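Worksheet for the structure shown next.
Proteins come first, then strands; the chains are lettered A, B, ... in the order of their sequence lines, and each starts at number 1. Small disclaimer: the values here were computed from a predicted structure and weren't measured.
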Amino acid sequence: MLEHTFIHLPNFGPWRERRLWMNGITTWDDFLEHYGSSQFHKMFCTKLASSKNALHLGDAEYFANNLPSGESWRAFPHFNKVAYLDIETTGLGSATDYITVIGVYDGEKVYSYIHGQNLDDFVMDIQKYDAVVTFNGAFFDLPFIRKSFTGVSLPKLHVDLRFALASLNVTGGLKKIETKFGFEREDDLKGLNGYDAVRMWQSYLKTKDKTVLDRLVRYNAADISNLKKLMEWTYTEKRLQTGFDELVKLK
DNA sequence: ATGGAACAAGTAACCAAGGT
DNA sequence: ACCTTGGTTACTTGTTCCAT
């Protein structure tokens, strides 16, 4: 979707972008060809040349900086190193709360980082990724991570599904949305919520029972693997919402 | 060329919202 | 308890484009 995107140009909103599409200018190359010699459009052409270069180099940060934050979903299929991320903590963020588990799903495998074991490995490992996908991560997970690991560098490109889904009129918490989509969880994970994750950790600390910790880690893993399916659905719906495919098909 | 209507984008202030 | 974004509203600025 990026090479059809013009909304990152200054003074360009959805309406101007749509007008370009209607006039048959559907790609950056179309624009450069059509306006390349125009003095008036020089600024725009320079910007689009940078965009082409950034896409070629796989520079996800460029698009994170230039796309309006509600439009970062457009970059999603262009980068394959995507971290679906979710954390469990001892609470909602009072001074003494800390992270118990971080789960990262790369689309194939789940990596679990556990307090007291390998939690710190997260700081190095997360640098491999171009983008991060969360549910409500802009509020909760990412600030909590930044507070816990000062100076950690997280991928700049971020799709927060809570907001993306809300703009598609899908609202409510993650569990409610999963039910709406018919996603199933393992039997012993059904009905668990974030507060249960707090209690499982406390129980693990008290009893040192590995099966309790294992259940907490699997609960976390279930959250992130569902994020991928939601992201893919969100991408197709958001793309449909722009009207791009419909407009281009008419040509 | 110029004025101005119509609409888009930008800005600022405020509020609502889900997660562990 | 705590976080940060998007939606809403009301307003200002900017752009397009038609009538003159």
From CG of A/Leu216 across to C1' of B/dT20 the rounded distance in Å is 11 Å
Among the nucleotides C/dT16, B/dG18, C/dG6, whichever has the atom closest to the side chain of A/Phe135 is B/dG18
Note: for A/Ala138 and A/Gly91 on DNA chain C, the residue whose nearest nucleotide lies more 5' is A/Gly91
How is A/Thr90 classified with respect to the nucleic acid when contacts are heavy atoms under 4.0 Å: base, sugar-phosphate, or nothing? nothing
Taken to the nearest whole Å, NE2/A/His158 to C1'/C/dC3 is 13 Å
Any base atoms under 4.0 Å from A/Leu174, or only sugar-phosphate, or nothing? Heavy atoms, all strands.
sugar-phosphate
Quick note, A/Trp15 side chain, CB onward, closest among C/dG6, B/dA17, B/dA9 is B/dA9
Between the main-chain N or O of A/Met1 and the side-chain N or O of A/His78, is there a donor-acceptor pair closer than 3.5 Å? yes
In whole angstroms, the gap separating P of B/dA8 from CE of A/Met22 amounts to 11 Å
- prompt: With sugar-phosphate meaning primed atoms plus P, OP1 and OP2, does A/Gly70 contact a base, only sugar-phosphate, or nothing at under 4.0 Å between heavy atoms?
  reply: sugar-phosphate
The answer to which of A/Arg19 and A/Ala166 contacts DNA chain C further toward the 5' end, by nearest nucleotide, is A/Ala166
Winner on side-chain proximity to A/Ser167, out of B/dT20, B/dA9, C/dG7, is C/dG7
Answer for the Watson-Crick or wobble partner of C/dA10, both distances under 3.5 Å, is B/dT11
On DNA chain B, more 5' by nearest nucleotide between A/Gly194 and A/Phe12 is A/Phe12
Checking C/dC3, C/dT15, B/dG19 against the side chain of A/Arg16 (C-beta onward), the nearest is C/dT15
#### Entry: Check: A/Ser50/A/Tyr62 side-chain N/O donor and acceptor closer than 3.5 Å
no
Of A/Arg162 and A/Glu88, the one whose nearest nucleotide on DNA chain B sits closer to the 5' end is A/Arg162
Separation of B/dA8 atom C1' from A/Leu9 atom CG, nearest Å, is 15 Å
- Query: How would you label the contact of A/Asp86 with the nucleic acid (heavy atoms, under 4.0 Å): base, sugar-phosphate, or nothing?
  - Reply: sugar-phosphate
Item checked: Mutual orientation of the aromatic rings belonging to A/His115 and A/Tyr98 [parallel < 30°, tilted 30-60°, perpendicular > 60°] -> tilted
**Asked** Within the pair A/Thr89 and B/dG19, is there a side-chain N or O less than 4.0 Å away from OP1 or OP2?
**Response** no
ask   = Is a donor-acceptor contact shorter than 3.5 angstrom present between the side chain of A/Asn136 and the base of B/dG18?
value = yes
From the candidates C/dT5, B/dG19, B/dT20, the one with an atom nearest any side-chain atom of A/Asp223 is B/dT20
Atom CG of A/Asp141 and atom P of C/dT5 are separated, to the nearest Å, by 13 Å
One should read off an interatomic distance between A/Asp130 CG and A/Asn80 CG, to the nearest 0.5 angstrom, of 7.0 Å
Taken to the nearest whole Å, CG/A/Asn220 to C1'/B/dT20 is 11 Å
query: For A/Arg199, which contact category applies under a 4.0 Å heavy-atom criterion: base, sugar-phosphate, or nothing?
result: nothing
In whole angstroms, the gap separating P of B/dG18 from CD1 of A/Ile177 amounts to 9 Å
Notebook entry, point to check: Which word best sums up how the rings of A/Phe79 and A/Phe63 line up, parallel for under 30°, tilted for 30 to 60°, or perpendicular for over 60°?
Noted result: tilted
Of the candidates B/dG18, B/dA8, C/dT5, the side chain of A/Phe163 sits closest to C/dT5
Quick note, A/Pro14 side chain, CB onward, closest among C/dG6, C/dC17, B/dA9 is B/dA9
ask   = Is A/Lys206 close enough and on-axis enough to A/Tyr204, meaning under 6.0 Å and within 45°, for cation-pi?
value = no
A/Asp160 CG to B/dA17 C1', in whole Å, measures 11 Å
Are A/Trp73 and A/Phe76 near enough that their ring centres are under 6.0 Å apart? no
